[in-house]
Amino acid sequence: MSISLSSALSTFANTSPKPAQTTQDYQTQPAASSTGYTVQLSEAQQVYQLYNQGQQVSQIAATLNLSVAAVNTYLGIANSNT
């Protein structure tokens, strides 16, 4: 059994995958829904997050309306006045 070149090319053209979407195709799609899920972090998690972002203990206390002693407790920092 032999297949002609033009027949093979025609078959290939009809079965090849569609080209990827262009940037323009993506821009015409609707924006993602803004009804996503949110997560409420505990005070301790918020303290760790702000501390890991480089905020000072006093800044974290003011931001979260906590005492400096409470922030130190969450971070495991001992009071140096004892």
Side-chain angles (χ1 to χ4, degrees):
M1 176 177 162
S2 71
I3 300 176
S4 70
L5 180 59
S6 62
S7 174
L9 290 175
S10 174
T11 302
F12 176 76
N14 291 333
T15 60
S16 63
K18 294 181 181 179
Q21 289 182 319
T22 63
T23 304
Q24 183 178 8
D25 291 337
Y26 288 117
Q27 292 173 350
T28 59
Q29 295 176 352
S33 173
S34 62
T35 59
Y37 295 101
T38 58
V39 176
Q40 182 66 39
L41 298 177
S42 69
E43 278 185 349
Q45 291 169 324
Q46 291 177 54
V47 167
Y48 279 114
Q49 184 178 33
L50 294 172
Y51 187 75
N52 287 332
Q53 291 174 358
Q55 288 196 22
Q56 296 177 358
V57 171
S58 59
Q59 292 174 313
I60 297 169
T63 300
L64 299 178
N65 198 24
L66 298 172
S67 68
V68 170
V71 173
N72 285 337
T73 300
Y74 283 130
L75 296 174
I77 299 173
N79 189 351
S80 62
N81 293 334
T82 58

Residues 36-46 vs side-chain hydrogen bond (donor to acceptor under 3.5 Å, both in side chains), sequence neighbours excluded, gives Ser42-Gln45, Glu43-Tyr74

Rounded to the nearest 0.5 angstrom, the CG-CG distance for Asn72 and Leu66 is 11.0 Å

What side-chain donor-acceptor pairs closer than 3.5 Å can you find for residues 54-65, not counting sequence neighbours?
unit_1, atom_1, unit_2, atom_2, d
Gln59, OE1, Gln56, N, 2.8
Thr63, OG1, Gln59, O, 2.8

